[in-house]
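Numbering of ligands and ligand atoms starts at 1, following listing order.
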Amino acid sequence: MPSFALHQTLTLLEMALGVVTFVALWFIVAPYGRHRRAGWGPQIPVRLGWVVMESPAIVAFVAFYLQGQHRLDVVPLVLATFWLVHYTQRVIVFPLRMRPGSKTMPALIALLAVSFNLLNASVNAPQLSEYGAYDTRWLVDPRFIVGTLLFFTGLTINVRADAALLRLRKRGETAYRIPTGALHDRVASPNYFGEIIEWTGWAIATWSLAGASFALYTAANLVPRAVATLRWYREKFPEYPAERRAIFPWLL
Ligand code: NDP
């Protein structure tokens with residue numbers, strides 16, 4: 001368990017990393033998925049990459065969580081369950097549903113994501129089970145209720161948008177199509193939109209700098225990528241609907 005001072009330092013480090021990431025990603029689009037390109041070192045299979053890079057968000061999170069003195073309290077257990085619902089979906093269900101064919105991703109991307117997930121687990125798990133000091137009255141606090149509603153709204157948008165994208169391909173296909181329906185008619189990356197709502201809800205439900213640092217990092221990571229993805233769709237598909245935005249309906 002990181003000491004209180006170390007935990008605060010790690011939280012600020014995650015915030016700083018969000019700022020650096022946001023600036024860097026306007027210049028360098030992370031080279032995986034549709035933005036994959038040569039020159040980024042050794043490659044690994046995509047499905048393996050997702051399992052490896054997201055697993056620390058379960059394993060390290062649980063390891064840190066169990067060291068906290070409030071690990072058996074109701075509110076930390078409820079919030080930890082939210083987290084694990086998201087990451088069970090991300091680590092197990094999402095990779096199983098994807099149709100990666102023989103596609104690969106740079107091992108470097110997986111390594112960077114593992115590092116971030118370790119940092120994020122060391123920030124968010126101790127917040128719940130050690131430093132948050134949530135008592136059961138938190139369950140009826142408006143911040144918990146609003147944050148929880150946002151979290152599950154975002155999760156639903158994210159999972160449904162990912163599922164719609166994954167259904168665009170038949171087994172063995174690797175081509176891209178223009179997605180349609182629901183928020184896909186409004187933005188290029190509704191899955192990223194859902195993810196940002198989700199972790200904003202987490203920040204509110206945990207009412208913590210730890211939660212805010214993850215929400216900030218998520219937006220810093222996904223907003224520039226969504227803008228690059230909209231640009232990619234417009235270049236690849238001349239018929240791509242002009243009214244679609246990158247990530248926030250009607251806004252950006
Ligand atoms: P993408 O939207 O790029 O891709 C999701 C899946 O759908 C991939 O398997 C992709 O295949 C496939 N796909 C996407 N568009 C099409 C299309 N037009 N036609 C056919 N197939 C398509 O999302 P990411 O891979 O970047 O992210 C996956 C999930 O992880 C998302 O839910 C995202 O929110 C989350 N995430 C969260 C981050 C965070 O900071 N919290 C960071 C990064 C991701 P292919 O791989 O071949 O392109």
Side-chain angles (χ1 to χ4, degrees), residues 14 17-18 21-22 25 29-37 43-51 53-54 56-57 83 86-87 89-106 109-110 112-117 119-121 124 151 154-181 183-184 187-203 211 213-230 232-237 239-241 244 246-247:
E14 183 163 332
L17 199 61
T21 300
F22 185 69
L25 290 182
V29 182
Y32 74 92
R34 62 167 57 74
H35 302 291
R36 190 172 75 105
R37 50 204 186 273
Q43 302 279 317
I44 56 174
V46 166
R47 188 174 275 145
L48 173 69
W50 274 96
V51 173
M53 68 186 180
E54 299 293 309
W83 179 281
H86 171 92
Y87 276 107
Q89 194 312 111
R90 176 66 69 242
V91 175
I92 299 170
V93 181
F94 175 69
L96 280 178
R97 291 173 103 179
M98 62 174 39
R99 309 255 160 92
S102 57
K103 278 191 172 178
T104 58
M105 67 161 68
I109 289 288
L112 291 174
V114 165
S115 312
F116 172 76
N117 280 319
L119 172 66
N120 199 28
N124 278 280
F151 182 87
L155 178 67
T156 305
I157 292 172
N158 174 262
V159 171
R160 291 176 68 116
D162 272 342
L165 290 173
L166 296 174
R167 278 196 303 270
L168 290 172
R169 289 181 184 146
K170 298 195 180 70
R171 198 168 291 280
E173 278 185 347
T174 53
Y176 291 90
R177 297 195 171 86
I178 299 178
T180 54
L183 278 171
H184 289 284
V187 294
S189 299
N191 48 351
Y192 296 171
F193 174 61
E195 185 101 22
I196 290 172
I197 293 179
E198 199 179 342
W199 296 113
T200 303
W202 174 262
S213 69
F214 186 27
L216 181 79
Y217 181 86
T218 299
N221 195 5
L222 297 182
V223 170
R225 188 168 180 86
V227 170
T229 293
L230 177 63
W232 178 93
Y233 272 121
R234 285 183 174 158
E235 283 167 12
K236 187 165 174 67
F237 299 100
E239 72 277 26
Y240 192 76
R244 286 193 194 178
I247 183 162

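Close approach of ligand 1 to F94 (heavy-atom distance below 4.0 Å) involves ligand atoms 28 (C). Heavy-atom proximity to G33, at under 4.0 Å, picks out these atoms of ligand 1: 46 (O), 48 (O). In summary, the atoms of ligand 1 found under 4.0 Å from a heavy atom of R225, numbered by their order in the structure, are 26 (O). Atoms of ligand 1 found under 4.0 Å from any heavy atom of K103 (numbered from 1 in listed order, with element): 45 (P), 47 (O). Remark: ligand 1 atoms within the under-4.0 Å shell around heavy atoms of D162 are 29 (C), 31 (C), 32 (O).
Residues L165 and P179 approach most closely at CD2-CG, 3.8 Å, considering heavy atoms. Residues Q89 and P95 share a closest heavy-atom pair of O-CD, 4.3 Å. P190 and L183 make their closest contact through CB-CB, 3.6 Å (heavy atoms, listed as atom of the first residue, atom of the second, distance). A pairwise comparison of heavy atoms in A219 and P224 identifies O-CD, 3.9 Å as the closest pair. Closest non-hydrogen pair, V29 versus R37, comes out as O-NH2, 2.6 Å.
Contacts between V46 and ligand 1 below 4.0 angstrom, taking non-hydrogen atoms only, are absent altogether. With a heavy-atom cut-off of 4.0 Å, N191 touches ligand 1 through backbone and side chain alike. Proximity of N158 to ligand 1, defined as any heavy-atom pair under 4.0 Å, is confined to the side chain (atoms from C-beta onward). Residue Y32 touches ligand 1 through its side chain alone, judged by heavy-atom distances below 4.0 Å. Contacts between W232 and ligand 1 below 4.0 angstrom, taking non-hydrogen atoms only, are absent altogether. Residue-level proximity to ligand 1 for R99 is absent, since no heavy atom of it falls below 4.0 angstrom. The side chain of E195, and not its backbone, has at least one atom closer than 4.0 Å to an atom of ligand 1 (non-hydrogen atoms only; side chain from C-beta on).
The protein heavy atom nearest to atom 48 (O) of ligand 1 is Y176 OH, 2.5 Å. For atom 27 (O) of ligand 1, the closest non-hydrogen atom on the protein side is W50 CH2, 3.6 Å. Ranking the protein heavy atoms by distance from atom 6 (C) of ligand 1 puts L166 CD2, 3.7 Å first. For atom 14 (C) of ligand 1, the closest non-hydrogen atom on the protein side is R34 NH2, 3.5 Å. With hydrogens left out, the protein atom closest to atom 19 (N) of ligand 1 is R177 N, 3.2 Å, a heavy atom. Distance from atom 42 (C) of ligand 1 to its nearest protein heavy atom, with residue and atom name: N221 ND2, 3.4 Å. With hydrogens left out, the protein atom closest to atom 11 (O) of ligand 1 is R169 NH1, 3.1 Å, a heavy atom. With hydrogens left out, the protein atom closest to atom 24 (P) of ligand 1 is Y192 OH, 3.6 Å, a heavy atom.
Interatomic distance, OH of Y87 versus CG of N120, reported as 5.5 Å (0.5 Å rounding).
Evaluated by nearest non-hydrogen atom to atom 13 (N) of ligand 1, the leading choice among T229, L165, L222, T218 is L165.
The backbone N or O of Y240 lies less than 3.5 Å from no partner atom in the side chain of Y233, so there is not a single donor-acceptor pair. Of the possible donor and acceptor atoms, none in the side chain of R99 sits under 3.5 Å from a partner among the backbone N and O of E173. For R177 (side chain) and A175 (main-chain N/O), no donor-acceptor pair under 3.5 Å exists by modelled atom type.
At a threshold of 4.5 Å between non-hydrogen side-chain atoms, the residues R244 and I178 count as touching.
Contact annotation: Y233 has at least one heavy atom less than 4.0 Å from an atom of ligand 1. The shortest separation from a heavy atom of R36 to ligand 1 is not under 4.0 Å, leaving the residue out of contact. At least one heavy atom of A175 sits less than 4.0 Å from an atom of ligand 1.
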Residues E195, W199; criterion side chain to side chain donor-acceptor pair (under 3.5 Å); working and verdict: CA-CA 6 Å; E195 185 101 22; W199 296 113; 3.0 Å; yes
Y192 vs R225, side chain to side chain donor-acceptor pair (under 3.5 Å): CA-CA, chis, key distance, verdict: CA-CA 9 Å; Y192 296 171; R225 188 168 180 86; 3.1 Å; yes
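More than 12 non-hydrogen atoms from other residues, nucleotides or ligands lie less than 6.0 angstrom from CZ of R36.
Between F214 and W83, the ring planes are tilted. Angles from 30° to 60° get that label.
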